[in-house]
Protein chains: 2
Amino acid sequence: MIKQQINTEKPNKTAEKILIAARKTFAEYGYSGTHVDEIAQRAGVNKATLYYQIGDKDTLYANVIHQVLGNIAQGIAPAVAGADSPEEKLKAYILFIADAVDKNPEIPPIMMREMAADGAHLPRVVVEDIVSVLKILVGILDEGRAKGIFIETVPFLIHMMIMGTILFYKKSSPIKDKQVWLPDDVKARDKKLKGSLGDEVAWLVLRAIKK
Amino acid sequence: MIKQQINTEKPNKTAEKILIAARKTFAEYGYSGTHVDEIAQRAGVNKATLYYQIGDKDTLYANVIHQVLGNIAQGIAPAVAGADSPEEKLKAYILFIADAVDKNPEIPPIMMREMAADGAHLPRVVVEDIVSVLKILVGILDEGRAKGIFIETVPFLIHMMIMGTILFYKKSSPIKDKQVWLPDDVKARDKKLKGSLGDEVAWLVLRAIKK
DNA sequence: GTACGGTTTAACCATATAGTTAAATAAATT
DNA sequence: AATTTATTTAACTATATGGTTAAACCGTAC
């Protein structure tokens, strides 16, 4: 994968349009399922413009994935630092992720496909981002256990529980709501969440790991 | 259960060889990323044979996905029925899923990609399978709540928590273990699971939803 | 207005890939 | 053994798709 970032100093309206179209298209169809022609068409731009402005399909994808997944890593550390107790920190951690996913609906499909592909297309920058997020969680769980608030857990499993729950729920609840195939008796039993998804997940995870 | 015999001894089971190769290839590269030629090559068979024996790419994929995802729905009801209390039933439910995923490593990537694609390629049979699994969980949670054992929950969220945790963990732990990019201090904090993944997830989920 | 540099475009190219066909081969049937 | 049927194969086709090119376009400085 060729990594090449576009010039963020000089904001380019055409490049912006292309990246937005690319983000949507990659999220919808995945890397292999996405056709460069469709990105160009959605962006309302000639294909050659796309190559002139950003580069080939790989570069396009690298930009999108960096833009989409980089956000979480950027903001999560300060968000967590604002809290005092391990409980509050974990809550802030989960709320931040849920909020980021809420604001970027492209995160779930893109992350799921990347995981399915063993991160084959992930640029190193993004991998480092992901690791930094995981490290923050490890810190929180560690502190909580040291203070006798949390039980002993396997951080990686807790991380997967948080991410898995949020991404799966976010991605599938619109389908569930729209689709006809879900029988009414199941739908009836399935109330809406009381609070936000982040609140609900934080509440469940805290119940699971608090002493 | 899926027969995982790679049978080069029996030259007659051409279709079997093809389906096994298809399953692996689709799991690895997804629908769009998979080339029919590669399946044929992996199966050690001419491409035309593949079309003669099974059909086009879509048919091939439908077969694979039915074979892979249908299993869970087949066995989970009897597995759960064997248990008495809601707690035991939920445990049996989670253990069965974890076990199925354990035996079929193709489940995580295929399900993740299907979710990412909003189930675009899912045949109706498979959708019905998935719904039937969800209905069993709803029944368990319902009974547990009626008996005052479980707190009130949103079944769909619990389902996503169980599936998300198991699939994400299963899919990413081999990467985590092998990859160099995970820093040692994170690895050090991250012990192996005490029991099986199913045990661990069941334990966490039960902690989360028990009164 | 015109010459120039950056930007966009239609048309084009090379290759990859899903799917087909007619012939060869193996298996079954008589 | 001869004939028919089922299965496999190499070669081929049509199309899709990532990527390129040379020309046109457009704003700006002179």
Side-chain angles (χ1 to χ4, degrees), chain A residues 1-65 110 113 117 120-123, chain B residues 5-65 110 113 117 120-123:
Chain A
M1 276 255 163
I2 306 151
K3 281 174 278 180
Q4 178 193 318
Q5 274 193 261
I6 59 136
N7 201 345
T8 39
E9 318 271 310
K10 200 171 89 182
N12 189 324
K13 208 160 185 196
T14 311
E16 201 68 21
K17 277 196 304 179
I18 294 168
L19 282 178
I20 289 168
R23 209 168 66 210
K24 287 180 188 167
T25 316
F26 281 128
E28 201 164 334
Y29 302 111
Y31 180 81
S32 318
T34 290
H35 308 315
V36 181
D37 290 272
E38 180 165 353
I39 296 176
Q41 199 189 323
R42 285 203 198 187
V45 150
N46 188 281
K47 183 165 55 163
T49 302
L50 182 152
Y51 277 87
Y52 174 81
Q53 291 282 352
I54 293 163
D56 63 5
K57 197 180 175 184
D58 281 356
T59 310
L60 211 40
Y61 186 72
N63 273 280
V64 165
I65 210 165
I110 288 181
R113 281 195 245 249
H121 314 301
L122 287 183
Chain B
Q5 47 178 208
I6 306 162
N7 212 338
T8 36
E9 323 283 295
K10 287 186 177 182
N12 288 357
K13 304 252 174 183
T14 313
E16 200 69 18
K17 279 197 303 177
I18 293 168
L19 281 178
I20 290 167
R23 208 168 69 209
K24 287 181 187 164
T25 315
F26 281 127
E28 200 165 337
Y29 301 111
Y31 180 81
S32 318
T34 290
H35 308 315
V36 181
D37 291 274
E38 180 165 354
I39 296 176
Q41 199 190 321
R42 284 203 198 186
V45 149
N46 187 280
K47 184 166 51 162
T49 301
L50 181 153
Y51 277 87
Y52 175 82
Q53 291 282 352
I54 294 164
D56 63 6
K57 199 181 174 183
D58 282 353
T59 310
L60 211 41
Y61 186 74
N63 273 282
V64 165
I65 210 165
I110 288 182
R113 280 195 247 248
H121 312 301
L122 287 183

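In what follows, every chain begins at residue 1, and chains take the letters A, B, ... in the order their sequences are listed.
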[X] has an atom [atom1]; how far is it from atom [atom2] of [N], in whole Å?
| X | N | atom1 | atom2 | value |
| --- | --- | --- | --- | --- |
| B/I39 | C/dT17 | CD1 | P | 12 Å |
| A/L50 | C/dT8 | CG | P | 11 Å |
| B/I54 | C/dG19 | CD1 | P | 13 Å |
| B/L60 | C/dA18 | CG | P | 11 Å |
| B/Y52 | C/dT25 | OH | P | 18 Å |
| A/K13 | D/dG27 | NZ | C1' | 16 Å |

Among all residues two or more places apart in sequence or in another chain, which pass the side-chain hydrogen bond (donor to acceptor under 3.5 Å, both in side chains) test with [X]?
| X | value |
| --- | --- |
| B/N46 | none |
| A/Q41 | none |
| A/Y51 | none |

OP1 or OP2 of [N] sitting under 4.0 Å from any side-chain N/O of [X]?
| X | N | result |
| --- | --- | --- |
| A/T14 | C/dT8 | yes |
| A/Q53 | C/dT7 | no |
| A/T49 | C/dT7 | no |

How does protein contact run along nucleotides 11-20 of chain D, one letter per nucleotide 5' to 3', with B for base contact, S for sugar-phosphate only, - for none, heavy atoms under 4.0 Å? ------SBBB

What pairs with A/H35 under ring-ring contact (aromatic ring centres under 6.0 Å, His included), at least two apart in sequence or on another chain?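 Result, ring-ring contact (aromatic ring centres under 6.0 Å, His included) vs A/H35: none returned.
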
If we ignore hydrogens and angles and just use 3.5 Å, is the side chain of B/T34 paired with the main-chain N or O of B/T25 as donor and acceptor?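 Looks like yes, one N/O pair under 3.5 Å.
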
Tell me every residue that passes side-chain contact (heavy atoms from CB on, under 4.5 Å) with B/D37, counting only those two or more places apart in sequence or in another chain.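 With neighbours one apart ignored, the set is B/K47.
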
